[in-house]
Amino acid sequence: MDNRDNLKQNMIYNEQFKYDGLNPMQQKAVFATEGPVLVLAGAGSGKTRVLTHRFAYLVEERGVSPYDILAITFTNKAAREMKERVEDLLGNYYRGLWVSTFHSACVRILRMEIDKLDFKKNFVIYDTMDQQVVMKECLEELDLDREMFQPRIVLGKMGRAKDQLIGPDRYASEFGDDFLNKKISELYGMYQDKLKKNNALDFDDLIMKTVQLFQTNPMVLHYYQNKFKYILVDEFQDTNMAQYVLISLLAKEHGNLCVVGDDDQSIYGWRGADIRNILGFEKDFPDSRVVKLEQNYRSTKSILDAANMVVANNMDRKVKKLWTDNQGGEIIQCYQGNNEYDEANFIASTIEKLNYEENRPYSQFAVLYRTNAQSRVIEEMLMKNGIPYRIYSGVRFYDRKEIKDILAYLRAVENPADDVSVKRIINVPRRGIGAKSMSRFEKYAEANSESFFNALLNVNKIQNQSRVEAQTNKFTDLIMSLREKRNEMTVTSIVEKIYEDSGYIDALLAEDKIEAESRIENLKEFLSLTQDFDENAEEKTLDGFLARTSLETTMDEDGDDMNTVSLMTLHGAKGLEFPVVFISGMEEGIFPSYMSIQENNEEEERRLCYVGITRAKERLYISHAVQRTLYGRTNQNAISRFIKEIPEGLIDIDKPYDRKKEVRKMQTSPLFTGAMMHQKRKSKHSLDPNRIKAGVKVKHPKFGVGTVVSVAGEILTIAFVDAGIKKISSEFVKLEITE
DNA sequence: TGCAAATGCTTTTTT
DNA sequence: AGCATTTGCA
């Protein structure tokens with residue numbers, strides 16, 4: 001349907017029912033526009049509807065400009081969805097609304113104002129990897145033991161300090177002035193200096209620096225206080241102290257702050273989220289109104305009851321009772337697998353069964369797990385069964401080596417002072433500039449307190465090897481020439497020029513390896529991203545492109561139009577819902593995780609379980625394995641405590657003696673017998689396993705000729721001449737060896 | 001001096 | 001899968 005028709009349709013609908021369709025509590029939350037409001041919104045209570053209607057109500061009934069509303073969501077995807085729904089409600093398209101994540105909003109502010117903090121406006125954003133690089137440098141310079149001061153740990157502590165707006169100077173006094181903490185505070189200071197020099201901010205800085213900006217520049221603060229007449233914050237239970245201070249500062253002028261959250265869904269304590277923000281809101285804002293949304297519209301009664309029973313085991317929570325008018329529905333099915341493959345097989349065959357028997361499209365299913373590492377086996381099994389799936393993992397497309405390399409080039413072009421990026425690519429592809437040359441450049445830069453790139457420009461004063469000098473000049477020429485023209489060029493054309501002139505693609509081609517081919521594929525894929533940016537971005541500059549890429553994750557991607565099963569971590573599932581949900585790996589040590597038990601974080605894990613259960617609308621399957629191999633270690637894990645917290649009447653726990661029954665049941669289901677036949681047919685096709693190994697050339701009935709890249713059990717990764725790289729199960733497809 | 005291959009290690013959750 | 005470290009070669 002035409003978009004316009006869609007809008008019109010909505011407008012007619014809206015005129016009549018826009019606010020009538022809300023229940024009395026939801027209406028209360030929507031109409032309470034003035035002053036501080038705390039909306040305690042249980043899972044599935046129509047929170048998003050309330051937020052979007054409140055936005056629309058402010059604009060339509062209160063005459064507020066949509067640009068004077070600041071709405072904070074947890075992910076970029078949620079922000080996009082909120083924008084769309086608000087636009088639908090208002091029947092209008094708006095450009096540049098302030099509907100975004102904390103981080104994106106801060107970037108937007110800082111990109112206009114950060115010169116007041118003595119940064120340049122085109123600052124880059126360092127991700128976790130970049131942080132590690134900088135921290136390692138600091139450790140080296142202070143000559144500290146990498147074991148005692150693991151970069152990851154130190155960065156974690158530093159990050160938590162930033163969440164609480166504690167700078168390097170205050171670090172030791174706040175966290176203890178023993179040797180360890182003193183050193184960490186020293187590292188912290190050094191790290192911040194380096195970032196400043198590189199004109200870079202990390203994720204936590206984005207928040208902290210914005211607060212700092214407001215605290216040191218009353219005029220700037222006043223401007224934004226005035227601008228944002230109404231503030232909405234979603235997922236408030238997951239805000240940290242810095243974010244809380246930021247919001248409080250902004251809301252001071254008008255006081256119209258509406259926060260929405262659910263203390264039972266607070267799952268980001270490890271990232272500095274402070275549950276006290278929501279528990280103490282009424283104290284901090286004494287004149288605040290509280291609206292509780294307790295009717296759940298999402299799940300069946302069985303699922304909701306189970307979730308309530310589990311979370312009731314937590315002590316530290318606001319009292320609330322989530323209820324539903326929905327039917328009881330099926331009780332929860334719990335499957336005990338022999339191992340992780342058995343478990344995955346249960347998941348795959350159940351999906352197949354429901355897809356066949358109940359005609360459910362694949363998009364109705366989600367498989368949730370505690371850690372990303374658990375996805376692999378499930379993925380394999382889905383693939384083997386020909387079930388389309390999509391992984392929403394925390395790992396970004398942008399985290400691939402080749403993409404990070406290209407981004408480093410782009411950052412270097414935008415900001416040659418970014419030492420981390422310049423150092424990353426100075427010898428990628430190989431230019432014959434090794435460790436020795438590097439340290440010479442570093443020394444020179446250090447001695448003259450210049451950037452590393454400046455040292456490269458002065459290569460003739462540092463190096464007398466003509467080869468190194470020539471290569472270095474070639475590199476700096478490329479960067480400088482692109483830098484000069486970057487405002488006239490599209491991002492795509494800049495990237496293409498880098499691909500060619502840096503020799504990056506040539507080097508990959510020369511490698512003549514399958515791996516290199518897939519990297520080239522990814523680089524091509526990257527071009528379609530830049531093209532999309534060049535066409536659609538609001539601010540079509542290289543600077544704008546970089547700001548966006550560093551904040552977008554795969555969690556933010558839309559896969560709605562695809563008919564695929566969704567695979568994601570329990571954290572990633574927050575805010576989403578699916579008709580059928582699988583929670584896998586329900587074992588002690590996995591979920592709750594070993595670490596959380598050690599650190600006494602049981603309650604947060606339980607909330608995570610609550611989040612998982614409440615994602616399900618109609619059916620919930622829980623599974624665990626008697627034996628599991630993870631990170632190369634085989635363990636026998638006890639059944640998760642959370643399973644035991646679900647009362648007997650709500651869950652069908654698959655006892656060992658029941659399993660035969662289960663197997664019989666499955667064998668008689670038409671789909672399963674079909675699958676079995678399928679399997680038999682296949683085994684005829686299977687090749688002599690001894691002959692299949694990396695490098696062997698094979699022929700596939702559909703994809704044609706290709707080369708085996710890797711073998712993992714029966715899953716083969718094959719690079720086809722025409723079809724590109726595919727993963728194929730040797731059991732399922734007739735492959736011929738052609739050599 | 002630079003580089004490629006081999007080996008060992010790592011992993012909770014993410015903006 | 002990707003990283004750091006080591007080793008051997010040119």
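The figures here come from the full heavy-atom set of this structure, side chains too, leaving out hydrogens, waters and symmetry mates. Chain identifiers are assigned alphabetically (A, B, ...) following the order of the sequence lines, protein sequences preceding nucleic acid strands; residue numbering begins at 1 within each chain.
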Check your understanding: Within 45° of the ring axis of A:Phe74 and under 6.0 Å from its six-membered ring centre, is that where the NZ or CZ of A:Lys574 lies?
Key ->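 So A:Lys574 does make the cation-pi contact.
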Taking atom [atom2] of [N] as reference, at what distance in whole Å does atom [atom1] of [X] sit?
X: A:Asp127; N: C:dG2; atom1: CG; atom2: P; result: 15 Å
X: A:Glu402; N: C:dG2; atom1: CD; atom2: P; result: 7 Å
X: A:Gln243; N: B:dT14; atom1: CD; atom2: P; result: 16 Å
X: A:Ile207; N: B:dT15; atom1: CD1; atom2: C1'; result: 8 Å
X: A:Gln471; N: B:dT1; atom1: CD; atom2: C1'; result: 15 Å
X: A:Ile433; N: B:dC3; atom1: CD1; atom2: P; result: 9 Å

Hey, does [X] reach any base, or is it just sugar-phosphate, or nothing, if we go heavy atoms under 4.0 Å?
X: A:Asn427; value: sugar-phosphate
X: A:Ser437; value: sugar-phosphate
X: A:Lys574; value: nothing

State whether [X] and [Y] are salt-bridged, where the test is any N-O pair (Lys NZ or Arg NE/NH1/NH2 against Asp/Glu carboxylate O) under 4.0 Å.
X: A:Glu604; Y: A:Arg607; value: yes
X: A:Asp130; Y: A:Arg424; value: no
X: A:Glu113; Y: A:Lys209; value: no

Practice item. Output the single nucleotide from B:dT1, C:dC3, B:dC3 whose closest atom is nearest the side chain of A:Arg440. Key: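 Output: B:dT1.
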Review point. The side chain of A:Lys436 lies closest to which of these nucleotides: C:dC3, B:dT1, B:dT15?
Key: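 Ranking C:dC3, B:dT1, B:dT15 by closest atom to the A:Lys436 side chain puts B:dT1 first.
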Review point. Donor-acceptor pair, A:Ser593 side chain versus A:Gly589 backbone, under 3.5 Å?
Key: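 No; judged by distance alone, with no hydrogens or angles, the pair does not exist.
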Practice item. For the residue pair A:Tyr126 and A:Asp205, confirm or rule out a side-chain donor-acceptor distance under 3.5 Å. Key: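 Side chains of A:Tyr126 and A:Asp205: no pair found under 3.5 Å.
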Exercise for review: Would you check if there is a donor-acceptor pair between the side chains of A:Asp263 and A:Gln237 at a distance under 3.5 Å?
Suggested key: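 Not at all, the side chains of A:Gln237 and A:Asp263 share no donor-acceptor pair under 3.5 Å.
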Review point. If you find the nucleotide of DNA chain B closest to A:Arg430 and the one closest to A:Thr101, which residue's nucleotide is nearer the 5' end?
Key: A:Arg430
Practice item. Pick the P atom in B:dT11 and in C:dT5, then give their distance to the nearest Å. Key: 14 Å
Can you check nucleotides 6-13 of chain B for protein contacts, nitrogen or oxygen pairs under 3.5 Å, and list what you find?
residue	atom	partner	partner atom	Å
B:dT11	OP1	A:Arg152	NE	3.3
B:dT12	O2	A:Arg370	NH1	2.8
B:dT12	O2	A:Arg370	NH2	2.0
B:dT13	OP1	A:Asn372	N	3.1
B:dT13	OP1	A:Asn372	ND2	3.1
B:dT13	O4'	A:Arg370	NH1	3.2
B:dT13	O2	A:Trp270	NE1	3.3
B:dT13	O2	A:Arg370	NH2	2.9
B:dT13	O2	A:His571	NE2	3.4

